[in-house]
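Atom set for the values below is all heavy atoms of this structure, side chains included, hydrogens, waters and symmetry mates excluded.
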Amino acid sequence: QVQLAESGGGLVQGGESLTLSCTASGTISRLDAMGWFRQAPGKQRELVAIINYGGGPNYADSVKGRFAISGDNAKHTVFLQMSGLKPEDTAVYYCYAREPQGSWNRAYWGQGTQVTVSL
C-alpha cells in the first residue's frame, strides 16, 4: 500500500557530511510521523531521528548536534542531514513512516541505504 524509497547513502570519510532522502509513495491516507532508524552489524535497530507531526522532532543522544531531520509532510518526504560523521555512524539507515489507524498505528519501512564512514 505504502512504499518508502531511500537515497543518498554512500562512503565518506570521518568528519564529512551526507544527506539522506526518503519519499513515501502509493496509497497514503495520512502519515503522522516520518523518520530514520539505523542498524549496524551485530546490533539492534535503533532510532536516529523522527518527526512527529503532532509534536516535533526527536533525536538519539548519539546524534544530537550533528544530525538534522526535516521534511515536507505534503510531499511525504523526509531528509536527514548528517555532519561530523563518525565511524560508529556506519550502518544501514532505514526510512520509517507511521500511519494512524484509529487506536493503533501501522509502520512502514524502506529497504535501507548503506552509510559507511571511514577514519
Side-chain angles (χ1 to χ4, degrees):
Q1 184 180 10
V2 176
Q3 296 82 44
L4 304 179
E6 308 105 327
S7 64
L11 190 154
V12 297
Q13 198 161 324
E16 295 184 341
S17 300
L18 203 60
T19 298
L20 307 181
S21 301
C22 175
T23 299
S25 62
T27 303
I28 303 173
S29 297
R30 183 169 68 92
L31 301 176
D32 70 354
M34 290 191 74
W36 296 90
F37 287 69
R38 68 185 181 188
Q39 187 167 23
K43 293 187 176 182
Q44 296 282 101
R45 185 174 298 187
E46 64 176 354
L47 173 70
V48 177
I50 188 167
I51 296 177
N52 298 295
Y53 294 118
N58 289 290
Y59 297 90
D61 288 341
S62 60
V63 306
K64 286 182 178 178
R66 299 190 298 119
F67 292 9
I69 189 169
S70 62
D72 187 331
N73 183 237
K75 296 182 178 180
H76 309 301
T77 300
V78 67
F79 304 94
L80 185 67
Q81 295 175 279
M82 305 181 292
S83 62
L85 284 163
K86 306 174 181 179
E88 50 263 47
D89 294 318
T90 296
V92 176
Y93 285 69
Y94 296 92
C95 184
Y96 165 88
R98 186 173 67 212
E99 182 181 46
Q101 297 183 359
S103 61
W104 59 287
N105 302 309
R106 183 170 184 176
Y108 298 97
W109 297 93
Q111 294 296 309
T113 184
Q114 178 71 47
V115 173
T116 302
V117 185
S118 64
L119 293 173

Tell me whether [X] contacts the main-chain N or O of [Y] through its side chain, where contact means a donor paired with an acceptor under 3.5 Å.
X	Y	result
Glu16	Leu85	no
Thr90	Val117	yes
Gln13	Ser118	no

I want to check something: taking the side chain as every heavy atom from C-beta on, are [X] and [Y] in contact at a cut-off of under 4.5 Å?
X	Y	answer
Met34	Ile51	no
Asn52	Asn58	yes
Pro100	Arg30	yes
Met82	Val63	no
Thr113	Ser7	no
Arg66	Asp89	yes

* Asked: Taking a hydrophobic cluster as the set of Ile, Leu, Val, Met, Phe, Trp and Tyr residues connected by side-chain heavy atoms closer than 4.5 Å, whether directly or through intermediates, do Leu20 and Leu47 fall within one such cluster?
  ->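 No, separate clusters.
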
* Asked: Around atom CD of Gln39, are there more than 12 heavy atoms of other residues, nucleotides or ligands at under 6.0 Å?
  ->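 Count over threshold, so yes.
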
* Asked: Around atom CD of Glu88, are there more than 12 heavy atoms of other residues, nucleotides or ligands at under 6.0 Å?
  ->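 Yes, because the 6.0 Å sphere around CD of Glu88 holds more than 12 heavy atoms from other groups.
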
* Asked: Under 30°, 30 to 60°, or over 60°: which ring-plane class applies to Tyr93 and Phe67, parallel, tilted or perpendicular?
  ->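 Rings of Tyr93 and Phe67: tilted, as their planes differ by 30° to 60°.
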
* Trace of the side chain to side chain donor-acceptor pair (under 3.5 Å) decision for Gln114 with Thr116 -> CA-CA 6 Å; Gln114 178 71 47; Thr116 302; 3.3 Å; yes

* **Close aromatic pair by centroid cut-off 6.0 Å: Tyr96 and Trp109** =>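 Yes; Trp109 has its ring centre under 6.0 Å from that of Tyr96.
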
